[in-house]
Amino acid sequence: QVQLVESGGGLVQAGGSLRLSCAASGRTFSGYTMGWFRQAPGKEREFVAALSWNDISTNYADSVKGRFTISRDNNKVTLYLQMNSLKPEDTAVYYCAARKYGNSWFVYDYWGQGTQVTVSS
């Protein structure tokens with residue numbers, strides 16, 4: 001079982017930046033494909049970004065390309081989502097997700113509890 005804990009959410013003005021973090025309890029992310037998703041009020045959860053298990057590839061939703069960057073630290077204990085040029089429509093609860101040697105950007109076995117991001121206009 002992999003327990004994921006997100007942090008770094010908060011309230012920011014439009015145009016500002018936030019960096020979300022995701023840590024796994026008691027283990028590293030080595031060999032895990034990792035993803036970020038978000039869910040806004042009244043909407044379905046949507047894909048935001050993902051990083052392949054071997055750190056070779058990334059994928060981003062069109063809505064965040066050029067503004068968000070997914071990465072993990074060299075020790076593979078923390079996943080990040082750097083969010084720049086934030087817009088009010090980025091307001092949502094953000095979730096990290098993981099799957100061992102995952103070969104899909106959209107299918108994950110483990111999910112965190114989420115962290116709220118609110119962007120004011």
Side-chain angles (χ1 to χ4, degrees):
Q1 187 73 9
V2 177
Q3 293 183 324
L4 305 175
V5 179
E6 302 95 337
S7 61
L11 174 64
V12 64
Q13 288 189 331
S17 297
L18 281 175
R19 188 176 77 161
L20 305 184
S21 300
C22 173
S25 176
R27 64 170 63 229
T28 73
F29 289 134
S30 180
Y32 283 83
T33 292
M34 304 296 299
W36 286 99
F37 290 74
R38 67 186 181 187
Q39 187 167 19
K43 295 187 177 181
E44 293 187 352
R45 186 170 60 194
E46 64 174 1
F47 170 80
V48 175
L51 175 64
S52 64
W53 62 269
N54 54 10
D55 291 338
I56 290 177
S57 302
T58 58
N59 190 31
Y60 295 92
D62 288 343
S63 59
V64 307
K65 278 182 183 176
R67 300 189 298 124
F68 290 11
T69 303
I70 187 171
S71 65
R72 61 181 132 201
D73 69 316
N74 289 336
N75 294 325
K76 297 184 177 13
V77 295
T78 307
L79 177 75
Y80 301 104
L81 184 68
Q82 178 67 43
M83 305 186 297
N84 299 328
S85 303
L86 283 162
K87 305 175 181 180
E89 51 264 43
D90 294 319
T91 295
V93 177
Y94 283 71
Y95 301 89
C96 70
R99 189 176 196 189
K100 188 75 170 181
Y101 299 122
N103 58 7
S104 168
W105 297 124
F106 310 110
V107 178
Y108 296 89
D109 297 316
Y110 306 104
W111 295 83
Q113 293 300 307
T115 185
Q116 176 70 48
V117 172
T118 303
V119 184
S120 63
S121 58

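Worth knowing before you read on, the calculation uses all heavy atoms, side chains too, and leaves out hydrogens, waters and symmetry mates. Computed from a prediction, not measured in an experiment: that's the story for all the values here.
Residue Lys43 comes nearest to Gln39 through the heavy atom pair O-NE2, 3.0 Å, listed as atom of the first residue, atom of the second, then distance. Of all non-hydrogen atoms in Ser17 and Ser85, the two that sit nearest each other are OG-N, 4.3 Å. Pairing each heavy atom of Ser121 with each of Ala14, the nearest pair is CA-CB, 4.4 Å. Contact record, Ser30 with Lys76: CA-CD, 3.7 Å, taken as the closest heavy-atom pair. Between Leu81 and Ala49, the shortest heavy-atom distance links the atoms CD1-CB, 4.2 Å. Pairing each heavy atom of Ala24 with each of Phe29, the nearest pair is CB-CE2, 3.3 Å.
In the displayed structure, Glu46 atom CD is contacted under 6.0 Å by more than 12 heavy atoms of other residues, nucleotides or ligands.
Distance check: Ile70 CD1 to Tyr80 OH gives 12.5 Å after rounding to the nearest 0.5 Å. To the nearest 0.5 angstrom, Ser21 atom OG is 8.5 Å from Leu79 atom CG. A distance of 5.5 Å separates CZ of Phe68 from CZ of Arg38, quoted to the nearest 0.5 Å. How far CE of Met34 is from OG of Ser71: 11.5 Å, rounded to the nearest 0.5 Å. Interatomic distance, Gln113 CD to Ser7 OG, rounded to the nearest 0.5 Å: 13.5 Å. Between the OH atom in Tyr32 and the SG atom in Cys96 there is a gap of 12.5 Å [rounded to 0.5 Å].
Formation of a donor-acceptor pair under 3.5 Å by the Gln13 side chain with backbone atoms of Ser120 is not found in this model. Counting only distance, with no hydrogens or angles, the side chain of Lys100 and the backbone of Thr33 share no donor-acceptor pair below 3.5 Å. Of the possible donor and acceptor atoms, none in the side chain of Glu6 sits under 3.5 Å from a partner among the backbone N and O of Thr115. Side chain of Thr118 to main chain of Thr91: no donor-acceptor pair is present (N/O by atom type, distance under 3.5 Å, no hydrogens or angles).
The hydrophobic clustering, which links ILVMFWY residues whose side-chain heavy atoms are closer than 4.5 Å, places Leu51 and Tyr95 apart. In terms of hydrophobic clustering, with Ile, Leu, Val, Met, Phe, Trp and Tyr side chains grouped at heavy-atom distances under 4.5 Å, Leu4 and Val117 are assigned to a common cluster. Under the 4.5 Å side-chain contact rule for hydrophobic residues, Tyr94 and Phe106 do not share a cluster. At a threshold of 4.5 Å between side-chain heavy atoms, the hydrophobic network of Ile, Leu, Val, Met, Phe, Trp and Tyr places Val2 and Leu20 in one connected group.
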task = Might you work through the side-chain contact (heavy atoms from CB on, under 4.5 Å) test for Gln1 and Tyr110, ending with a clear yes or no?
result = CA-CA 8 Å; Gln1 187 73 9; Tyr110 306 104; 4.1 Å; yes

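The ring-ring contact (aromatic ring centres under 6.0 Å, His included) test with Phe47 is passed by exactly one of Trp36, Phe37, Tyr108: Phe37.
Under the 4.5 Å side-chain criterion, counting only non-hydrogen atoms from C-beta, Ser52 is in contact with Trp105. Side-chain atoms of Thr69 and Tyr60, non-hydrogen and from C-beta on, do get closer than 4.5 Å to each other. Using a 4.5 Å cut-off on side-chain heavy atoms (C-beta onward), Val12 and Met83 make no contact.
Using a cutoff of 4.0 Å between basic side-chain nitrogens and carboxylate oxygens, Lys87 and Asp90 are not scored as salt-bridged. Taking a cutoff of 4.0 Å between a charged side-chain nitrogen and a carboxylate oxygen, Asp55 and Arg72 qualify as a salt bridge.
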